[in-house]
Peer 1: 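Submitted below is the structure of interest, expressed as structure tokens.
Quick caveat: nothing in here was measured; it's all calculated off a predicted structure. Heavy atoms only: backbone and side chains are in, while hydrogens, waters and symmetry mates are out.
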Amino acid sequence: MDERYDSYCAVDPLFYDALTNTKARTTEYGEDLILPDGWKRAPQQDWTVVGPDEDPLPPQGWKVHISARREDAAEVLTIVWDYCTTRGIGFKFLRGPQMLLMRNSKYAGRGSSGKFITVYPHDDAELEQVCADLSALLAGREGPYILSDLRYGDGPVYVRYGGFAARYCLDDSGKVVPAIANATGTLVPDRRDPVFTVPEWVELPAFLRPHLEARGAAKVASVPYAIEKVLHFSNGGGLYTGRDTRTGDRVVLKEARPHAGLDATGADAVTRLRRERDMLRALADVPRVARVHDEFRLGDHDFLALDFIEGEPLNKALVRRYPLTGPDATDDDLRTFTDWALDVHAQVERVIREIHRRGIVYGDLHLFNVMVGPDDRITLLDFEAARDIAEDARPALRNQAFAAPRDRTGFAVDEYALACLRLALFLPLTAVLRLAPEKAAHFASIIRSRFPVPAEYTDDAVRVIRGDDAPPAPPITLDRDRIATGILATATPTREDRLFPGDIEQFRSGGLSLGYGAAGVLWTLHTCGAGRFPEHEQWLADRVAPPPSGSRLGLWDGLHGVAFALDALGRTGEARDLLDICLGEPWRDLNHDLVSGLAGVGLSLDRFGERAAADEVVSLLADRLDAAPPPADISGRSHPHAGLTRGWSGPAMLFLRRYETTRDPALLDLAARALDRDLHACVLTDDGAMHVNEGWRTMPYLAHGSAGIGIALDRYLRHAPSERFRDASDAISRAARSPFYAQSGLFAGRAGIVAYLASRVGAGIVADAPELARQAGALVWHALPYGDHLAFPGEQLLRLSTDVATGSAGVLLALTMARDPEGTALPLLAPTTTADAPAPRTAVPAGAPA
């Protein structure tokens with residue numbers, strides 16, 4: 001689970017959306033507060049910015065942050081408002097209670113959590129005065145600790161050095177990020193990590209030194225536990241393994257921060273930890289339930305020590321054993337797995353029944369909260385959401401793949417989760433049941449066709465999930481027309497930030513891009529024969545004339561991709577104008593990759609006939625390749641990424657494209673060296689398939705996995721023989737033969753596997769045609785009804801998406817490639833003998849589906 005997605009699920013039940021766009025927000029902070037003459041206020045994303053009309057603020061400096069609880073946030077704002085407006089000091093604050101809740105929620109970003117108000121002093125002298133005054137005015141007020149800042153005293157006042165003005169630079173990965181100037185005036189990233197740091201060229205003001213010294217007063221050595229390993233951090237606190245130094249017993253330590261890690265009711269991590277303690281003690285006689293070892297406080301944080309349980313979470317055990325992730329599962333494999341899964345479910349059900357006999361609702365059953373021991377015996381963990389049945393309250397923290405609908409209360413919450421677990425053990429796609437409960441019957445049919453499970457096992461699950469009286473759902477079949485009309489039905493041309501709903505990335509990089517925004521959707525609809533939509537094209541063109549400040553430049557996440565789409569849609573003049581803007585930006589400083597960096601920019605420049613600039617990109621990439629450190633055998637996190645979109649396979653595609661034009665053998669050599677770097681991070685699985693190794697998992701997918709590398713390898717092999725590359729290509733092709741892929745998207749799901757196979761069939765590898773047909777047909781596993789249309793879930797399966805990288809447009813493109821593998825290709829990745837954006841094979845009136 002990627003915890004970033006949680007806050008984008010709070011607004012709309014069907015699509016990812018930002019809190020700033022919610023129509024449900026009925027109140028905003030500060031609406032009743034009066035501004036003095038000569039002051040203004042303006043919304044800015046999650047914030048309301050308030051300041052004098054003419055405020056000579058420096059571009060960066062020490063800023064003051066105020067934290068607050070939801071209960072008295074309005075009062076705190078009034079105090080700060082009156083103080084700042086009286087003294088001519090600008091400030092900003094979170095716009096409303098919902099923003100404050102989500103910023104302090106359990107899975108909110110720890111680097112920005114706790115910040116309710118930001119005050120902008122003009123200099124260090126004013127900083128000292130503001131800190132002292134606001135500390136006195138807010139004495140006795142409480143709020144969540146701001147991890148990125150230095151606390152002033154013991155109240156809700158914090159300080160951090162950072163940017164005031166909206167300035168941007170590129171970080172090490174090539175992304176556009178907020179910036180500050182270093183000692184030489186060079187813009188560098190304004191880091192916002194969950195730990196207080198001072199830039200090396202900045203001196204901490206003397207009045208803050210005592211507060212820095214006081215920061216380390218609470219010592220772990222003051223408690224009888226030794227922390228050995230961090231298991232997990234959330235905004236509510238950490239989870240650690242350790243030992244009781246008095247007894248040597250292994251324990252798990254759960255930390256709870258006050259006023260942080262809020263759930264939907266506003267309860268903080270401390271409240272939930274104490275509830276968990278009470279529930280576990282009430283269930284002390286129930287077998288296979290975690291046991292309380294001890295409790296203690298450190299500073300103002302609560303800790304619960306639990307007995308250590310040997311084993312692994314059920315989600316990991318399931319991944320390790322699941323037979324459908326490989327292409328060669330035998331009947332014996334399926335029977336063995338079925339016996340294990342049925343036994344696991346029976347164990348979990350027995351424990352839940354015992355909990356119910358004590359009058360307690362567990363409330364949070366899912367794959368991560370079941371520990372499977374070495375003997376395959378299970379133990380239930382995490383009782384934060386558990387409640388006495390008499391409370392008649394719904395769980396406020398839930399895993400959406402197992403969370404019951406609002407009409408289920410009491411023990412029915414657990415019954416629903418048990419039903420989801422029945423399906424998830426055999427087909428872990430139950431997150432989409434929140435979007436389409438009728439999909440449960442389809443999942444049951446898939447499970448019975450693959451595994452020897454009793455019919456009553458899946459029938460009971462479907463009955464509970466859908467409800468006793470739900471009518472049978474009509475079967476779902478793939479239909480490209482219905483996918484295209486489903487995409488168009490989601491369009492919101494009245495919105496400024498996005499035209500089509502997609503991944504959460506569109507709220508960071510903007511809703512315009514080829515991968516995540518309108519450009520990619522409109523290009524795909526046209527390329528796949530669904531027509532042209534002038535109103536929507538105009539929406540896109542209007543928003544890049546000129547582009548918004550801070551826009552990225554990349555092919556898949558920025559302006560080069562928009563220019564490519566506009567040109568393919570026949571809007572050549574607007575495309576060229578945008579390209580000229582891109583060429584005037586510092587594109588030479590971009591990283592090497594295909595999504596944001598030089599590889600994508602080079603392909604775009606080549607496509608537009610800017611051959612001199614494209615060759616300069618090739619030269620820059622060649623220099624980067626020469627200077628690159630030795631390749632790593634792990635991709636991502638602290639290591640360089642491998643793969644098509646973030647690794648060196650993207651530059652390899654540019655080298656190969658230029659080779660196909662120039663026939664310069666040096667370009668072929670560069671492509672081989674680039675591909676070698678990515679192959680270094682690949683591993684062979686037990687069934688002989690090649691995946692990218694991410695250390696904690698292996699990936700077969702198009703963007704970050706082996707399929708994207710395979711596309712580049714196959715392109716290389718069209719021009720030069722290589723036994724090593726041929727062997728790798730064959731092994732990668734095995735990774736595209738699995739019956740199960742968790743997601744449907746182009747970048748990280750089955751659609752990308754389909755696109756990879758289509759590229760091979762289009763290149764003449766006809767032996768892959770049957771597998772291409774199978775994988776394309778299996779996209780129906782993820783297809784969901786959307787009115788009279790079809791839709792597909794995006795990343796994490798929690799909401800629908802229509803974009804190319806994660807949603808319906810990517811599925812539509814993949815299905816079109818499967819239907820026409822020689823004539824349709826991924827943007828700018830076809831050999832130069834194939835048109836970049838072919839016209840539809842059959843003429844279709846504008847606005848009509850293919």
Side-chain angles (χ1 to χ4, degrees), residues 322-331 333-334 427 429 446 449-451 477-480 483 528 643-644 649 682-692 698-718 725-783 792 810-826 829-831 834:
Y322 194 59
L324 297 189
T325 55
D328 299 325
T330 66
D331 288 345
D333 295 332
L334 297 173
L427 196 67
L429 300 177
I446 295 170
S449 72
R450 298 276 179 171
F451 297 95
T477 57
L478 287 177
D479 184 320
R480 293 192 312 135
I483 296 172
C528 296
L644 181 64
S649 294
C682 291
V683 294
L684 291 176
T685 60
D686 292 341
D687 56 19
M690 181 173 281
H691 289 203
V692 168
T698 64
M699 296 289 280
Y701 298 116
L702 183 74
H704 308 301
S706 55
I709 300 173
I711 287 179
L713 285 172
D714 292 340
R715 178 87 164 266
Y716 178 93
L717 290 168
R718 291 167 67 105
F725 283 2
R726 175 66 63 195
D727 290 345
S729 173
D730 291 344
I732 289 171
S733 73
R734 286 189 59 78
R737 284 160 168 73
S738 298
F740 176 81
Y741 297 98
Q743 300 185 140
S744 55
L746 187 70
F747 272 19
R750 196 186 297 269
I753 299 297
V754 172
Y756 161 72
L757 291 169
S759 73
R760 287 170 62 83
V761 174
I765 307 174
V766 295
D768 282 350
E771 188 62 35
L772 172 60
R774 280 193 293 271
Q775 294 291 353
L779 279 166
V780 75
W781 289 19
H782 287 85
F792 287 82
V811 173
L812 179 61
L813 178 59
L815 288 172
T816 305
M817 291 177 67
R819 182 178 178 177
D820 181 23
E822 294 182 1
T824 310
L826 296 168
L829 296 186
T834 301

Peer 1: May I ask you to decide whether Arg737 forms a salt bridge with Asp768, counting only side-chain N to carboxylate O separations under 4.0 Å?
Peer 2: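 Salt bridge flag = yes for Asp768 with Arg737.
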Peer 1: Please give me the minimum heavy-atom distance between Trp781 and Leu427, naming the atom from each residue.
Peer 2: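 Looking at all heavy atoms of both residues, the closest pair is CZ3-CD1, 3.7 Å.
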Peer 1: Which pair of heavy atoms, one from Val761 and one from Ala769, lies closest together, and at what distance?
Peer 2: CG2-N, 3.7 Å
Peer 1: Does Arg750 reach the main-chain N or O of Ala742 with its side chain, forming a donor-acceptor pair under 3.5 Å?
Peer 2: no
Peer 1: Tell me, please, which residues at least two apart from Asp328 pass salt bridge (charged side-chain N to carboxylate O under 4.0 Å, His left out).
Peer 2: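 Asp328: salt bridge (charged side-chain N to carboxylate O under 4.0 Å, His left out) contacts with Arg734.
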Peer 1: Could you tell me which non-hydrogen atom of Pro323 sits nearest to which non-hydrogen atom of Phe451, and how far apart they are?
Peer 2: CG-CE2, 3.7 Å
Peer 1: Can you see which heavy atom on Ala689 is nearest to which on Ala735, and at what distance?
Peer 2: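 Answer, listing the atom of Ala689 first, then Ala735: CB-N, 3.6 Å.
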Peer 1: For residues 810-818, please give each side-chain donor-acceptor pair under 3.5 Å, one per line with the distance, not counting sequence neighbours.
Peer 2:
unit_1	atom_1	unit_2	atom_2	d
Thr816	OG1	Arg480	NH1	2.8
Thr816	OG1	Leu812	O	2.8

Peer 1: Who are the ring pair (Phe, Tyr, Trp, His ring centres under 6.0 Å) partners of Tyr322, not counting sequence neighbours?
Peer 2: Phe337, Phe740
Peer 1: Out of curiosity, Thr698 OG1 to Met690 CE, how far, rounded to the nearest 0.5 Å?
Peer 2: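 Thr698 atom OG1 to Met690 atom CE measures 11.5 Å (nearest 0.5 Å).
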Peer 1: Working note: Val754 + Leu746, criterion side chain to side chain contact (heavy atoms under 4.5 Å, CB included); need CA distance, chi angles, decisive distance, verdict.
Peer 2: CA-CA 8 Å; Val754 172; Leu746 187 70; over 6 Å; no
Peer 1: How long is the span from the SG atom in Cys682 to the CE atom in Met699, to the nearest 0.5 Å?
Peer 2: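 Between Cys682 SG and Met699 CE, I get 12.0 Å after rounding to 0.5 Å.
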Peer 1: Please report the interatomic distance CG(Leu826) to OH(Tyr756), rounded to the nearest 0.5 Å.
Peer 2: 13.0 Å
Peer 1: Are Leu829 and Leu644 packed together at the side-chain level, in the sense that at least one heavy-atom pair is separated by less than 4.5 angstrom?
Peer 2: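 The answer is yes, as the side chains (C-beta and beyond) meet within the 4.5 Å cut-off.
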Peer 1: Which heavy-atom pair separates Gly326 from Pro739 by the least distance, and what is that distance?
Peer 2: O-CD, 3.1 Å
Peer 1: Mind checking the OH-NE2 spacing from Tyr701 to His691? Nearest 0.5 Å is all I need.
Peer 2: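 Going from OH on Tyr701 over to NE2 on His691, the span is 8.5 Å.
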Peer 1: Distance check, rounded to the nearest 0.5 Å: Ile732 atom CD1 versus Leu713 atom CG?
Peer 2: 5.0 Å
Peer 1: Would a 4.5 Å heavy-atom cut-off, applied to side chains only, mark Thr685 and Thr325 as touching?
Peer 2: no
Peer 1: Is any side-chain heavy atom of Leu429 closer than 4.5 Å to one of His782?
Peer 2: yes
Peer 1: For Asp714, which of Ser733, Ser759, Ser729 qualifies under side chain to side chain donor-acceptor pair (under 3.5 Å)?
Peer 2: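 One option only clears the test, and that one is Ser729.
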Peer 1: Treating Gln775 as the side-chain partner and Ser738 as the backbone partner, does any N or O pair qualify as donor plus acceptor under 3.5 Å?
Peer 2: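 Yes; at least one donor-acceptor contact below 3.5 Å.
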Peer 1: Could you give the distance from CD1 (Ile753) to CG (Leu772), rounded to the nearest 0.5 Å?
Peer 2: 11.5 Å
Peer 1: What pair of heavy atoms forms the shortest contact from Ala731 to Gly688, and how long is it?
Peer 2: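 Ala731 and Gly688 have their closest heavy atoms at CB-O, 3.7 Å.
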